[in-house]
Amino acid sequence: MSNETDLPAFPDGPAPRKKSDAPAPLAPPTSPESEAKLDADHDDHHLHHHETFVTKYIFSQDHKIISKQFLITGIIWAFIGGFFSVCFRMQLGFPNTSFHWMEVLFGHWAPGGRLAPEFYYSLVTMHGTIMIFFVLTAGVSGTFANLLIPLQLGARDMASPFINMLSYWLFFIASIVMFSSLFISTGPFSGGWTAYVPLSALQEAMPGSQKGADFWITAMMIFVVSQLLAAINYISTILNMRTRGMSMSRMPLTIWGLLVTAILGLLSFPVLLAGLIFLMSDRHLGTSFYLSEIYINQHALPNVGGSPLLYQHLFWFLGHPEVYITILPGMGIVSELLSTHGKKPIFGYTGMVLSLFAIMILSLVVWAHHMFVSGMNPLLGSGFVLATLLIAVPSAIKVFNWLFTIIKADITLTVPFLWAVGFVSTFISGGLTGIWMGNSSIDLHIHDTYFIIAHFHLVMGVSAMFGMFAGVYHWFPKMFARRMNRTLGYIHFWITLIGAYLIFWPMHYEGLAGMPRRYYDFSAWYTFSRFQRLDAFISVVAIIVFVSQLLFLFNFFYSIFRGKKLTTANPWKSNTLEWTTPIHVGHGNWIGEIPEVFRWPYDYSKNGMEFIPQNVPLSPDEEQEYTARWELRNAKKKGLKMNQSDA
Amino acid sequence: MVWMSFLYHKKMHPHKLNLWLALGAIVMFFIGFLCVYLMLPPPSVRLPASCWSSTGAIVLSGLTMHVGVLAFKRRQLLLHEMWLMVTGLLGLIFVLLQLVAFEQVYHWGIVAVHDGAASVLCVMAGAHLLYVLTGIGVLIASLLRVHRRHFILYSATGLEETAIYWYFVDSLWLGLFIFLLLA
């Protein structure tokens with residue numbers, strides 16, 4: 001018999017539970033030397049593969065390499081997209097100032113160092129498209145689904161590695177098409193990331209609607225196919241390739257988030273593809289799906305019978321789920337990280353999973369809240385108001401669960417943990433304003449103003465980005481077997497968090513005052529020219545935040561080659577299976593057998609142990625406890641049945 | 001999560017699951033088309049008469065496919081090859097009859113700028129035609145694989161996937177046809 005004093009010391013944490021029997025030695029003995037040996041064995045084991053540089057790093061079918069490809073492509077796009085936002089913020093903050101570097105960079109698109117109005121719209125459009133689709137969809141889902149699904153579920157690779165490779169390279173082709181549109185003489189597409197008709201359907205509408213729109217639509221079509229292939233693979237790997245003992249109810253919440261994201265993409269992306277095919281055929285084959293009774297320079301176009309609202313419905317049927325596609329992987333990552341770094345079991349696992357599904361289902365039936373002022377039937381609108389407000393319920397469940405997870409937790413303020421908390425913070429701040437604009441009556445006033453910009457940047461742009469940063473800082477050691485610099489990570493976090501609030505918080509006030517978005521210049525407009533100094537302030541902060549991202553860029557690439565080498569396979573003391581692989585993970589992930597899973601992933605601070613990995617068998621104690629619980633449940637059920645039969 | 005237990009009691013071959021998921025995505029793709037069709041003013045044309053015979057051909061091809069799969073499972077390879085060829089031929093007949101239907105619509109002189117719904121009809125039938133052509137390609141590949149007899153193992157997974165795809169393309173057209181008749 002033993003008592004508490006036998007248990008390992010537990011400074012600052014929750015007191016270990018009193019147990020009648022001594023806990024069995026649970027954690028597997030791992031020492032740096034034995035791991036290094038394993039590692040060397042692993043390399044030997046794979047020498048006979050004879051992979052060339054091309055098959056290993058470029059056309060690789062290994063999920064880990066594909067995940068790095070998605071991540072690095074995503075980072076490059078994030079910098080391009082972010083830089084564009086800095087450029088158009090210069091116009092908004094300092095409308096009558098010329099910047100010589102802009103003329104050097106953009107040539108005749110910035111005559112005299114001032115952005116041309118058409119190019120301003122191009123930059124805004126490209127910023128939105130790049131950030132939402134290429135960074136927060138492909139970059140986030142692509143990186144973490146590819147890395148974590150096989151590693152956390154105990155699979156050697158994805159269900160179909162070839163389709164997986166195909167999905168990355170289609171994304172790459174889409175990237176090339178989108179990027180090359182920056183170099184055509186009429187400029188890239190400039191009709192907004194939503195590409196509303198008739199701006200996008202009529203070549204005459206504006207310079208960007210000529211070749212630029214064709215490039216945009218083509219790139220998006222290829223991108224949709226790439227995302228569909230990826231989603232199919234993610235779902236079938238999750239449902240089909242889990243290791244022994246990894247039941248659905250023992251999956252880490254990251255995987256649940258990625259599963260729901262993939263299902264959502266699979267249901268909504270094809271509809272956008274259909275919409276884009278019609279858009280293309282309206283542009284080039286002379287059909288009238290979206291066009292009707294339009295006059296250009298007093299000449300009537302022959303198109304009759306189409307409906308521009310139709311496009312909006314098709315677009316937002318993807319467009320709304322899309323914002324959840326960007327945020328749900330982040331939600332999964334944050335749930336995992338708060339628990340791992342707080343060394344406390346996640347609060348309400350089942351609630352987390354069910355709320356993910358509730359968000360998924362609701363997000364498919366709220367799309368028309370983007371169209372309250374479009375002339376849609378108001379009765380239809382009130383249905384969408386109801387669905388939109390309902391989505392606050394599962395979101396709130398998640399937020400409260402996160403908060404209850406970190407209350408009284410044994411927190412170590414690591415960089416990934418800070419980013420995860422930052423995610424919760426921006427998600428709350430941005431999410432609360434969603435309840436305002438979900439009401440169609442309030443939306444009439446704030447629709448298309450800076451209030452909307454503030455809302456969606458905080459709740460989905462910044463939050464999803466924070467989720468991505470949290471994930472990158474957390475899984476970097478797994479990806480590259482080295483650590484990122486902590487100090488740079490802290491500086492990066494605090495500048496980004498404070499900067500994000502300083503940029504987007506004031507925009508709420510501008511929006512409430514009615515300041516419309518997508519305007520090139522407010523200086524001649526008395527009502528809004530009083531916000532000029534505020535705009536300048538926002539622009540300056542935006543530049544600082546953008547420059548601070550260079551810290552991350554430096555930290556990331558420097559650490560790949562020069563970072564502190566990992567000496568232990570499980571640096572964060574995490575329970576999930578990816579940390580049971582060798583430090584340098586080879587093709588096939590595990591040497592020998594794939595570990596079997598005996599418990600859920602959140603056994604932190606249990607039985608006096610700081611963490612108990614999923615592949616550690618139940619101790620006799622736990623066995624007894626679970627059996628007793630099981631019997632109690634069965635007895636209760638039986639009793640219930642007997643009561644019913646009595647009645 | 002007891003309610004999801006059906007997912008892990010009997011695991012499907014991952015490639016087959018991939019296929020089912022892809023079919024789900026294709027269904028969503030066509031739902032997009034159908035929504036557009038319903039929201040536009042009704043088309044000025046009826047379905048051409050050859051659609052009836054093409055529908056007959058593709059439904060029949062589904063049956064021959066099924067017989068072919070059964071023959072493979074009974075290890076009657078010659079019979080299997082024959083039925084698969086009949087299936088492919090019926091598929092080709094379907095494609096030809098659909099092209100005749102397109103010709104007919106073209107002759108009626110539908111002006112795309114005035115009749116959105118008729119255009120949707122053509123886009124839908126055209127997209128479906130591409131799927132059928134893909135199916136015929138897969139059928140030929142699967143025939144070649146059996147013909148070369150590289151494997152003695154009677155694994156029916158590949159063939160079953162081909163068959164699932166074919167049934168899907170088959171029922172997709174049937175669904176579209178019934179929808180267009182009723183709508």
Side-chain angles (χ1 to χ4, degrees), chain A residues 155 158-160 163 224-225 228-229 231-242 246-251 262-263 265-278 281-282 285-292 301-307 309-311 313-314 317-318 350 353-354, chain B residues 1-44 106 110-128 130-131 157-158 161 172:
Chain A
M158 292 299 229
S160 172
I163 291 185
V224 167
V225 177
L228 287 175
L229 292 179
I232 287 169
N233 225 343
Y234 301 155
I235 299 174
S236 69
T237 311
I238 294 174
L239 295 186
N240 233 342
M241 314 260 296
R242 301 188 308 278
M246 179 66 85
S247 60
M248 296 293 273
S249 53
R250 283 180 187 164
M251 293 200 315
I263 298 175
L266 197 68
L267 291 176
S268 56
F269 267 120
V271 179
L272 177 71
L273 186 59
L276 290 178
I277 287 175
F278 288 140
S281 105
D282 265 8
L285 301 178
T287 52
S288 325
F289 297 118
Y290 306 133
L291 297 173
S292 188
L301 293 184
N303 307 71
V304 182
S307 155
L309 264 190
L310 192 56
Y311 175 80
H313 280 294
L314 287 177
F317 187 79
L318 162 89
T350 316
V353 174
L354 291 181
Chain B
M1 231 71 14
V2 181
W3 54 278
M4 290 195 93
S5 58
F6 70 93
L7 288 170
Y8 51 90
H9 276 321
K10 191 175 166 222
K11 284 186 180 172
M12 205 186 265
H13 191 281
H15 289 179
K16 215 187 246 183
L17 186 55
N18 267 351
L19 179 68
W20 277 111
L21 293 169
L23 299 184
I26 297 175
V27 167
M28 286 309 292
F29 183 53
F30 275 87
I31 285 178
F33 286 155
L34 290 177
C35 291
V36 176
Y37 182 82
L38 286 178
M39 279 181 72
L40 290 171
S44 55
Y106 182 73
I110 307 305
V111 186
V113 266
H114 294 312
D115 198 339
S119 317
V120 182
L121 243 162
C122 293
V123 171
M124 272 197 294
H128 178 260
L130 287 182
Y131 284 116
T157 314
E161 280 166 14
L172 182 64

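So you know, we letter chains A, B, ... as the sequences are listed, proteins then strands, and number each from 1.
- Neither the backbone nor the side chain of A/L301 comes within contact range of chain B, judged by heavy atoms closer than 4.5 Å.
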- Item | Worked verdict on A/M248 versus A/V353 for side chain to side chain contact (heavy atoms under 4.5 Å, CB included) | CA-CA 10 Å; A/M248 296 293 273; A/V353 174; over 6 Å; no

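- Both the backbone and the side chain of B/V36 come within contact range of chain A, judged by heavy atoms closer than 4.5 Å.
- Residue contact with chain B, scored on non-hydrogen atoms closer than 4.5 Å, involves the side chain of A/F278 exclusively.
- Only the side chain of A/I163 comes within less than 4.5 Å of a heavy atom in chain B; its backbone stays farther off.
- Sorted by first and then second residue, the side chain to side chain donor-acceptor pair (under 3.5 Å) pairs involving residues 17-42 of chain B (not counting sequence neighbours) are A/S236-B/N18.
- Within the structure, the salt bridge (Lys or Arg N to Asp or Glu O under 4.0 Å) test picks out no pair touching residues 26-36 of chain B (sequence neighbours left out).
- Contact annotation for B/V27: neither backbone nor side-chain heavy atoms come within less than 4.5 Å of a heavy atom of chain A.
- Heavy atoms of A/F269 lying under 4.5 Å from chain B are absent altogether.
- Annotation: side chain of B/M28 is not in contact with side chain of A/L266 (no heavy-atom distance under 4.5 Å).
- If you check the side chains of A/S292 and A/N303, you find no donor sitting under 3.5 Å from an acceptor.
- For the set B/I26, B/I31, B/V123, B/V120, the count of heavy-atom pairs under 4.5 angstrom toward chain A peaks at B/V120.
- Proximity to chain B is limited to the side chain of A/L314, based on heavy atoms less than 4.5 angstrom apart.
- Between A/R250 and A/R242 the shortest side-chain heavy-atom distance does not fall below 4.5 Å.
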